[in-house]
Amino acid sequence: MNLFTTIALLAFVAGCAEDPGNGAGTESASLILTNARVYTLAWDEPAPNGSVKPNAPHDESGWRPDAEAIAIQGGEILFVGSNQDAMEFRGESSRVIDLAGATVIPGLVDSHTHVFGLGALLDQVNLIGAATEEEAVTLIVERAKSVPKGEWIVGRGWDEGAWANAYPDKALLTAAVPDHPVFMDSLHSFGGWSNQAALDAAGITAETEVPVGGEMRLGSDGQPSGLFLNQGVEMLRDAVPEPSRETLTKQLLLGLHQMAADGYTAVHDAGLDTRAMSILEELEATDKLPIRVYAMLSLRDEDLIREWIEKGPDSDTDSMLVTRTVKAYYDGALGSRGARLLYDYADRPGHRGISGDGYGFNQALNAQAMKAGFQIAIHAIGDAGNREAIDILETVFEEDPSTATHRHRIEHAQVISPEDIPRLGSLGIIASMEPPHAMEDKTWAEERLGPERILGAYAWRSLREAGAKLTFNSDNPGSDHDIFYGLHSAITRQDKNQQPEGGWYAEQRMTADEAVRGYTQWSAYASFREDKTGVIAPGRWADITVMNVDPFVLADQSPGELLSGRIIMTIVNGEVVYE
Ligand SMILES: [Zn+2]
């Protein structure tokens with residue numbers, strides 16, 4: 001037993017009076033986790049400035065766990081406390097897992113994902129790291145063994161930069177894989193390489209028109225060589241058929257299982273259409289969802305939204321798939337200068353991005369969904385995009401005050417004018433944000449915004465201090481959903497190379513307590529489940545994440561080490577879905 005668990009045990013004994021009582025084995029557990037560093041998050045959340053509340057397991061020597069064992073029965077937590085007391089719940093069929101000092105926190109929730117997209121990426125043949133053409137082709141040959149002839153195979157990740165002096169062509173790939181159309185996408189998507197079957201399937205000949213800004217290489221025989229560059233890659237990309245329902249189902253499961261392996265017990269999936277919803281519903285009905293899915297219906301799918309307005313939001317909030325949210329799209333992205341700004345882009349005078357109608361936002365349908373009781377999760381990035389999105393929500397609140405209580409969210413909430421920051425708190429709008437985005441955008445965000453507007457960008461602390469609730473997520477697969485990267489970004493404002501020194505606009509950093517809550521308790525709130533999860537306590541869902549590092553202690557002592565964290569176990573509804 002180490003120092004921390006000793007302290008935890010003492011803390012538990014001291015706190016016994018408020019323990020609901022284990023009833024001396026009245027109920028036996030299906031699963032007991034012991035010898036863990038459990039952070040229950042049952043203490044009060046930190047103040048808006050980040051300072052720790054007095055009932056937190058924290059003192060001048062730093063953080064310590066507040067329990068060491070958990071007993072679970074079925075899908076519910078029975079008991080949290082000491083090893084000894086947890087073992088009172090041991091019955092004949094109890095599984096006991098000694099976690100050997102691993103850290104346990106409430107089940108992680110990524111509150112903005114695109115799991116179909118993640119699964120599609122995982123389903124492609126990963127060519128990253130392939131050193132030669134032969135190596136890449138060998139990987140495709142391997143995959144072709146399990147793919148019916150005639151079906152497309154997509155590989156991704158050969159390095160168009162490193163291979164630029166000797167680009168591959170169709171010859172080797174065609175000889176090795178003659179019966180499947182193959183599209184080899186490059187690492188940065190500026191290069192595409194194919195076999196003859198793909199050229200045939202796409203109908204590409206030497207006469208085919210090449211898009212502006214693109215290149216199609218020809219061989220010595222005057223025919224397409226199979227190598228395409230820049231916009232020319234679109235000729236192959238467009239030829240890959242829409243995946244079948246079977247393929248989409250497989251990819252969704254790949255994505256969900258990957259999230260489970262990476263410690264997530266739930267995702268909020270942002271922008272599902274009719275087909276995606278029907279696949280999710282089928283998997284729920286057949287009990288195949290490994291983790292919980294909180295679905296956000298795409299406002300762009302008008303038929304689907306009308307169907308749900310008719311039905312109303314899901315009332316069965318305990319099930320593995322819950323649908324009560326509509327994902328709306330209000331403006332573009334900052335990097336590509338589509339985000340709507342109040343004033344010109346600092347690096348493109350005369351340009352302010354696009355939003356609203358110009359971006360396909362259906363305001364009337366959005367208002368109808370709100371009045372039917374749905375939570376709205378509205379994508380807004382620029383300061384004008386955010387102001388207009390808040391205005392739109394506020395207008396509906398005025399028309400129908402009942403809509404104001406549905407915990408509407410702004411997805412990304414990336415650049416907000418100082419005047420608008422307090423409006424999120426006062427209107428009860430949640431800022432749904434991606435700590436990794438700040439780290440990935442920092443190289444160019446200030447060029448887009450200039451030195452003043454940047455102060456309201458990725459402004460987690462400013463938002464909290466102004467009373468807004470936050471929830472953290474990755475927006476994968478665009479960003480890496482690795483929780484250790486997410487926590488590290490939130491806690492340090494440094495990238496994976498631990499740059500810049502001291503953190504980028506470090507005044508916006510979160511504490512470990514806040515960062516962990518961003519992915520647990522605050523995400524639970526953002527999905528109306530703060531009574532069910534987000535905290536490890538008796539009666540809550542047995543949704544639990546186990547990791548090999550202690551983010552609370554590392555945040556204080558050696559935050560860079562967070563990046564080497566690993567997930568050890570993921571438990572959803574009392575079942576071990578990954579170990
Ligand atoms: Zn997204």
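Note that the structure is a prediction, hence the values are computed from the model and not measured. Just so you know, ligand 1 is whichever comes first in the structure, and atom 1 is the first atom listed for that ligand.
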S298 pairs by side-chain contact (heavy atoms from CB on, under 4.5 Å) with which of M296, E302, R300?
R300
Taking R453 for its side chain and V415 for its backbone only, find out whether a donor-acceptor pair lies under 3.5 Å.
no
Indicate if the distance from the Zn ion (ligand 1) to the nearest N, O or S atom of E411 falls below 2.8 Å.
no
Please determine whether H114 has a backbone or side-chain N, O or S atom lying under 2.8 Å from the Zn ion (ligand 1).
yes
Are the aromatic ring centres of F552 and Y39 under 6.0 angstrom apart?
yes
Only N/O/S atoms count here: what is the atom of D475 closest to the Zn ion (ligand 1) called?
OD1
At a threshold of 2.8 Å, where the distance has to be below it, does the Zn ion (ligand 1) have an N, O or S atom of H112 nearby?
yes
Would you find a donor on one side and an acceptor on the other, under 3.5 Å apart, between the side chain of N548 and the backbone of R566?
yes
